[in-house]
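Owing to the predicted nature of the structure, the values given are computational and were not obtained by experimental measurement. Throughout, a chain's letter reflects where its sequence line sits, starting with A, and its residues are numbered from 1.
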2 protein chains.
Amino acid sequence: MPSGVPWTLPITLDVARSEITNVRNGDTVLLTCEESDFLAFLKIEDIYCFDKNELTEHVYGTTSTEHPGVVKTNAMKERRLGGKIDLIRGSKVDYDDVLLRPDDTRKLFEANGWKTVVGFQTRNAPHLGHEYLQRLALSFFDGLFINPVLGKKKKGDYRDEVILDSYKALLANYLNKNKVALGVLRTEMRYAGPREAIFHATVRKNFGCTHFMVGRDHAGVGTFYGPYAAQEIFKNYPDLEITPVLFREVAYCNKCKSLVCDGVCSHSAEEQTKFSATMLRKIILSKDQPPEELMRPEVFEAIKKIENPFVT
Amino acid sequence: MPSGVPWTLPITLDVARSEITNVRNGDTVLLTCEESDFLAFLKIEDIYCFDKNELTEHVYGTTSTEHPGVVKTNAMKERRLGGKIDLIRGSKVDYDDVLLRPDDTRKLFEANGWKTVVGFQTRNAPHLGHEYLQRLALSFFDGLFINPVLGKKKKGDYRDEVILDSYKALLANYLNKNKVALGVLRTEMRYAGPREAIFHATVRKNFGCTHFMVGRDHAGVGTFYGPYAAQEIFKNYPDLEITPVLFREVAYCNKCKSLVCDGVCSHSAEEQTKFSATMLRKIILSKDQPPEELMRPEVFEAIKKIENPFVT
């Protein structure tokens, strides 16, 4: 931003020309959404056009319509409104029982006496690779904030209730609940890779986290970003006020007889089983119990109860 | 130290009165030792007495003769010599092939491109709990410097060659040699707990490490120190210029079916197998293969080849 604040993803209000024929700078308009008739007031300071190709090139590094973020941008309306927002009341949301707002989490972390808290971003049901990373984090930090993204996703991603129910099963059976907080983040995935990693970290700073985990191809899609581009970008943001905790891909090593981050042991890829999203999706759809080194039975049971676990 | 440099363990040259009858301040004396007739010159600036009880109370927190550090101090001769030392040549040492001096390690870490290097102190043959911690470290840091202490130890501790051979077996079979350096540190264990942890960290800073691992009862003996006293003391030394990496005790959890640091999972002590030094010593002396969740077979084979693995 011109002020020097790092802000890597524009979050904007797009409107059609026809919707704003009577609107002028200085006007105050009421914002509504599906879930709320009284969301916020917007005092308009700016009505402007934008170049979609320039935006997608900057944010996503591509104008390819194979990229879901590009498709979404291209489908936006042609004008934008900017200005000061006064929230009237937050929209009523699903999953209220696991919604923690930044004000809540900051109080919670303090009440728990957590001086260091690692934020864990996810849009998946937890497999043992995720759990392994959470265990690594819990070994060194006071608290872990598991913060799944609920909201619009792409085809083949886990549905919101699958992510939540499977995490509840993991917490009920394996991780120390006194060191873990689970709260959902309602935002769209943009699949902007590196820039979205910075955005995700910034959001977790707002929640009160001191650290944020960034793994292989964070918030990536297809092969648009280098596998560790979302880690490297943090070098350009030394003033983010949240420390990235970088880790490499996790696999199960048949020689070590344990999970392992890439590069830790001396064994080759042939001796290891990677966590393939495609393979796990297949196993889950087949309703067969996944191998125990890939997914906890309790987690699988929670997923199995939901009829269509994936976004179609 | 008066200069402000943190230095928590006195390393001094004690002499008997009868040995220094002809020695005055300003004299230069030749220092020799078992392994070298020309170790160093000492230009004497100070000849002084010291109060053994005051020293042991300060350094070890006790004057109890149950403490091996107290026993050692009480056996020291009654005078000390201080002054500037000029090394003539380092004494020839055993295990030359795994001796790395600070100058060597700094060059090695740089040549390897390691920006972050964790120092790992040990006086044991590696069991899976140690390896687990090394894996945690390797997951987040560029390099790991395994730096076993060779030298005088107490009864029941592993003998030097056992520590070395077992680590060589671990590195040959499990950890990524490109991310691990093994070098020995020749110093006596003092069992001074917290103060020795600061000393150990300072020594590893000198080797070029950026981080240093400190676990439960680091450099402790019996029940002289609180289990995490050696971690808490680091709060008093914020300017140490090496970052402690604190972790809790590791156990094998039968419910998680994996190794786990204390507090990470929700399962009780009854569901976990702790690493007991006494139990491992018994198993090793019995020459029976230890359970595979406690010790790697290759490590056990290396130990088994040595007739008397423990200091008697």
Pick from Ser139(A), Cys261(A), Cys253(A), Ala137(A) with the largest number of heavy-atom pairs that fall under 4.5 Å of chain B: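 Sorted descending by pairs with chain B, the first entry is Ser139(A).
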Neighbour count >12 (heavy atoms, 6.0 Å) for atom CD, Glu110(B):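 Atom CD in Glu110(B) is not packed in, count stays at 12 or less.
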Glu292(B) atom CD, over 12 foreign heavy atoms within 6.0 Å: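 Atom CD in Glu292(B) is not crowded, with 12 or fewer foreign heavy atoms closer than 6.0 Å.
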Under 3.5 Å donor-acceptor, Arg296(A) side chain and Cys256(B) backbone: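 Yes; at least one donor-acceptor contact below 3.5 Å.
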Heavy-atom donor-acceptor pair, Asn176(A) side chain to Ser266(B) backbone, under 3.5 Å: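 No, the answer is negative, given that no donor and acceptor are paired below the 3.5 Å cut-off.
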side-chain contact (heavy atoms from CB on, under 4.5 Å), paired with Val264(B), selected from Leu144(A), Leu138(A), Val180(A):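 Single pass found, and it is Leu138(A).
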Leu246(B), part contacting chain A, at a heavy-atom distance under 4.5 Å: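 When you check distances to chain A, only backbone atoms of Leu246(B) fall under 4.5 Å.
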Least distance between heavy atoms, Arg135(A) atom then Val260(B) atom: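 Taking Arg135(A) first and Val260(B) second, the nearest heavy atoms are NH1-CG2, 3.4 Å.
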Toward chain B, the part of [X] with a non-hydrogen atom under 4.5 Å:
| X | value |
| --- | --- |
| Asn173(A) | backbone |
| Lys179(A) | side chain |
| Ser258(A) | side chain |

Interface residue of largest heavy-atom contact number with chain A, from Arg248(B), His267(B), Lys255(B), under 4.5 Å: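 Ranked by heavy-atom pairs under 4.5 Å with chain A, first place is His267(B).
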